[in-house]
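A quick write-up on the structure given underneath.
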Protein chains: 2
Amino acid sequence: MTRVHRPKDPTELSAAEWVRQQLIDDIVAGRLLPGEKLCEVKIAARLGCSRTPVREAFRHLGALGLAHFEKNRGGNVVRLERAIMLELFEALAEVSAACAGLAVARGEASRWTLAEREWSHAAVPAGTGSENDLFSILFNICGNRLLSEAGATIRCRLLPYWRLMGKAAEEWPVHGEAGQAEAIRAMVAGNGRAARRHMRAFVLMARDQALRSLPQSILP
Amino acid sequence: MTRVHRPKDPTELSAAEWVRQQLIDDIVAGRLLPGEKLCEVKIAARLGCSRTPVREAFRHLGALGLAHFEKNRGGNVVRLERAIMLELFEALAEVSAACAGLAVARGEASRWTLAEREWSHAAVPAGTGSENDLFSILFNICGNRLLSEAGATIRCRLLPYWRLMGKAAEEWPVHGEAGQAEAIRAMVAGNGRAARRHMRAFVLMARDQALRSLPQSILP
DNA sequence: CATGCTGAGATTGTATACAGCAAGCACTTT
DNA sequence: AAAGTGCTTGCTGTATACAATCTCAGCATG
């Protein structure tokens, strides 16, 4: 239990925001394991602050679905379950498809996607950090903040499963370059219906890939 | 022998939960007006508790998108804006369509929808309180908690706009019984693609209705 | 008159104190 | 031995104290 201290004031984050980001990183990176108990005083001691910011961060984690809390009984990091993973993939497929359809409908797709996609192809897609992967571009051009935020949250919740497969979080939408290509082609061509269909199929393909590489013994 | 667990008393809310519910009600009912300043100490005094539960409730409101907070600068109830309303309707249309499609895909639609719909028809659809309106049923049978929670949140954020139109929150999906009927018919018939299309069209029709009845002078 | 400084008041951010709930353990009772 | 009882301990829920920061009126200065 190495004590981590907040940097003096580089980005003007409040303690609560810093703790929140720290805990999110710990969860998606696997430093806080699924099912692990989250104790306010211990986390506060480890991060060198009082309980108050930790509480605030806990509530945020709960709202994001990364942890689960009960009244007077503390909380735990969410456990990884097959059924939840399926729901996450399913929801991501729907949201992504909707974003693709909306992007086409508002005519943004043909302009943006092509250029940015070439660029990202050269720069290697990245997951959470960079903003050049397929999903980030999609969420940016869809023009609906609610859908894009929902999608980003879902993708964040999927990262622990991705890690469980032994893959780095950065190479998240990696399989099926072909599937991606089809969706992008449809978007650029302005075919909304095809874009939705291909986008959904692409994510569901990733789901099936995840299912195959996570046997019952690893993911209950 | 068998341990008898004390029945979890659902009426015993923690102070934070109570404050949160109170503030949500105040916002959607219009007792807290859009743009109104939210001061921790004043709310705490009005509700007879300390700042701590109020803070917690504030963060929850922020996560739900019902209020907006800035570091060291307090917060305000979200202002009603045309563009936001359009995004909300758009997102609700997409999420509802996705739920309809999923419900059909998993075969739940034909069994549930028919019966429950008859029932709700008799009992008069209700908004937030009851669980018998079209959206609640849809979110229940879609089988994906992420999508249904997203949809419920969006619908909650739409209620202030609905109130601005002079309609009670309870009669929310009211227009276009015809539109609803078409969507439900497609779901019962097991036609997922048609269910998606009709569901989306129904919500977008509600959006257009709202646009027409809210001139620039009322909703900037 | 415009502009910039300053200090008081207001408000949020954080720490800490205290009370209450919950689970575990030893002890008693049957 | 099984079940009940009260204590102990650890943790959370809430209140309150203190620190940091913002706002804005008032004044000095060009």
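Order of the sequence lines fixes the chain letters, A, B, ..., with proteins taken first and strands second; residue numbering starts at 1 for each chain.
The existence of a salt bridge linking B:Asp25 and B:Arg20 is excluded, since no basic side-chain nitrogen approaches an acidic carboxylate oxygen closer than 4.0 Å. The pair A:Arg55-B:Glu56 counts as a salt bridge, with a side-chain nitrogen and a carboxylate oxygen less than 4.0 angstrom apart. Here A:Arg145 does not pair with B:Glu90 in a salt bridge; the nearest charged N to carboxylate O distance is not below 4.0 Å.
Regarding A:Leu47, its CG atom lies at a distance of 13 Å from the P atom of C:dT14, rounded to whole Å.
Side-chain N or O atoms of B:Glu94 include none that pairs as donor or acceptor with a backbone N or O of B:Ala91 at under 3.5 Å.
Considering every non-hydrogen atom in both A:Leu204 and A:Ala93, the closest pair reads CD2-CB, 3.9 Å.
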remark   = With B for base contact, S for sugar-phosphate-only contact and - for none (protein heavy atoms under 4.0 Å), nucleotides 9-18 of chain D reads --SBBBBBB-
